[in-house]
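Counting starts at 1 for both ligands and their atoms, following the listed order.
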Amino acid sequence: MSMPVQTLTPITLDAGRFSIVRCANCGATLDDRTARATCPTCGGLLAVEHLAPELSGAELRALFDDRLGVSAYRGAAAERSGVWRFRELVLPAAQLDEIVSHPEGNTPLLARDAVAAFAGVRDIRLKHEGHNPSASFKDRGMTAALTQAKRTGALAVACASTGNTSASLAAYAAQAGLPAFVIVPEGRVSAGKLAQTLAYGANMIRLRGDFDDCLELTREASERLGIYLVNSLNPFRVEGQKTIVLEMLQQLGWEAPDWIALPAGNLGNTAAFGKALREAHRLGLIDRVPRLLAVQAAGAAPFAAGFGDNFATRRKVRAETAATAIRIGDPASWDRAVDAIRFTDGQVVAVSDAEIFAAKRVIDGCGVGCEPASAASVAGVRALVEKKVIDPGERVVAVLTGHLLKDPDAALATRVGGGLGSEESLSRDEALGHLGRVLAEPGAR
Ligand code: F0G
């Protein structure tokens, strides 16, 4: 049975145009080839709106499922991408030959008994975004942002970053042939991320300040110097990141889970997930909306505090957490994220660094692994099961946002809260004796 054609957003456009950009604050509209990351009239956050595809939910699902059959080895990168598979909902006007794609996406949905036991729910899947080309979810937004940078004729691209956005930007800018500038907080970015950013050829400034200072400076520099800003304020980043949700729904046979848990810092991803779910529901891709669970580190939790008073005021904090990726005190996508939590009847929770590292040890210990910030999603699920907000029988997807090797220091066994394995420095003879003793221990594997 075919469902009625749904309208995504009631917009009218000139022939040949598919999208417009609208300010969520003052309503001003911009052409879809705009190079502005924020509203030129009021400085508000922009959102991209697409003309709805003239297909029913069932037809759209069939289109997206058909594209899964495209060979992994042939065809344009964009045709093999887990972002551009959903191109009608990402950037319908983009031509295959102008898309800057690695490709990216196509990340696995994993189930591990040890994680389920730790979290306290029977059915928890891990959507592992660390399997992207630069090893974090940022590549999904970056392919869209760099495609847009090329469409607008940008001469250079820039971002502020806690490390993953900069690594991803550096990789995609290299592919697009554009100079990349990244501003990161001095002494606060993990080794893996710094190494990637430099290796891919970006110009890096280590600012004596925190991420919030970096973002303020980057916004000012892009305003004054006309460099294209690709932080998650950029509405095209949001369009790409929506595909984390679209792809997981597709992997679940378009049966929505009860909850989707994700770590939350600058709130770009929370905003993208809300937009994806709103659109997926409106287009008939899913018939029920999962609840979002945004998880912050307790030392960097202005959004969790805001949730406590129903977001009566916008809050800022001086952020501190060992999960450096989400060490952010003044999240840029606050308003969009509030909308996402309200629309999905979501929850926001703060977890301590100890809880984050406890979850990380379980995720690492079953051979999956993730960086510290990513483990916040699983820690948040456990916290809400304990509070009896999540029922053990509900179906949960927890997003792992970055790969274990992003932060090798955090995984070393010698570090407090580090890996489960053991290390010994031994001579050849000592090593043989040691192996024999360990194997003879009860419970040795
Ligand atoms: N997880 C990881 C691994 C991240 O790198 C980030 C953000 C988040 C979660 C939070 O996502 O900001 O959309 O709420 N990293 C940014 C960066 C800030 O610069 O790499 P968010």
Side-chain donor/acceptor pairs under 3.5 Å, residues 40-47, sequence neighbours excluded:
none

- How about Gln251: does its CD atom have over 12 heavy atoms from other parts shown lying under 6.0 Å from it?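 Yes, the 6.0 Å shell around CD holds more than 12 heavy atoms from other groups.
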
Counting from 1, what ligand 1 atoms have a heavy atom of [X] closer than 4.0 Å?
X	answer
Gly268	13 (O), 14 (O), 21 (P)
Ile328	18 (C)
Asn269	13 (O)
Asn164	2 (C), 3 (C), 4 (C), 5 (O), 20 (O)
Ser161	17 (C), 19 (O), 20 (O)

For [atom], what is the nearest protein heavy atom, given as residue, atom name and distance?
atom	result
atom 4 (C) of ligand 1	Ala325 CB, 3.5 Å
atom 15 (N) of ligand 1	Lys138 NZ, 2.9 Å
atom 11 (O) of ligand 1	Phe137 CZ, 3.6 Å
atom 12 (O) of ligand 1	Asn266 N, 2.8 Å
atom 2 (C) of ligand 1	Thr401 OG1, 3.4 Å
atom 17 (C) of ligand 1	Thr165 OG1, 3.0 Å

- Query: Hey, looking at atom 21 (P) of ligand 1, which of Val399, Leu267, Thr324 has the closest heavy atom?
  - Reply: Leu267

- Under 3.5 Å, N or O to N or O, is Thr162 touching ligand 1 that way? yes

- Lys193 and Thr162 have their tightest heavy-atom pair at CD-O, 3.9 Å

- Task: Give a yes/no on ligand 1: does Ala264 have at least one heavy atom closer than 4.0 angstrom to it?
- Result: yes

- Item | Ile326 heavy atom under 4.0 Å from ligand 1 |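 Within the 4.0 Å threshold, so yes.
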
Decide, yes or no, whether a salt bridge links [X] with [Y] under the criterion of side-chain N to carboxylate O below 4.0 Å.
X	Y	value
Arg219	Glu223	no
Asp32	Arg151	yes
Arg67	Glu79	no

- Message: I need the single residue from Lys138, Lys406, Arg140 that forms a salt bridge (charged side-chain N to carboxylate O under 4.0 Å, His left out) with Glu129. Which is it?
- Response: Arg140

- Task: Give a yes or no on whether the backbone of Ala77 and the side-chain of His102 come within a donor-acceptor separation of less than 3.5 Å.
- Result: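 Checking the backbone N and O of Ala77 against the side chain of His102, no donor-acceptor pair under 3.5 Å is found.
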
Show the atom names and distances, to 0.1 Å, of all donor-acceptor pairs under 3.5 Å that link a side chain in residues 167-187 to residues at least two apart or in another chain.
| residue | atom | partner | partner atom | Å |
| --- | --- | --- | --- | --- |
| Ser168 | OG | Asp139 | N | 3.4 |
| Ser168 | OG | Asp139 | OD1 | 2.6 |
| Tyr172 | OH | Glu104 | OE1 | 2.5 |
| Gln175 | NE2 | Ser101 | O | 2.8 |
| Glu186 | OE2 | Arg206 | NE | 2.9 |

- Task: Identify which one of Glu320, Arg318, Arg188 satisfies the side chain to side chain contact (heavy atoms under 4.5 Å, CB included) criterion when paired with Asp210.
- Result: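 It is Arg318, the one option of Glu320, Arg318, Arg188 that forms the side chain to side chain contact (heavy atoms under 4.5 Å, CB included) with Asp210.
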
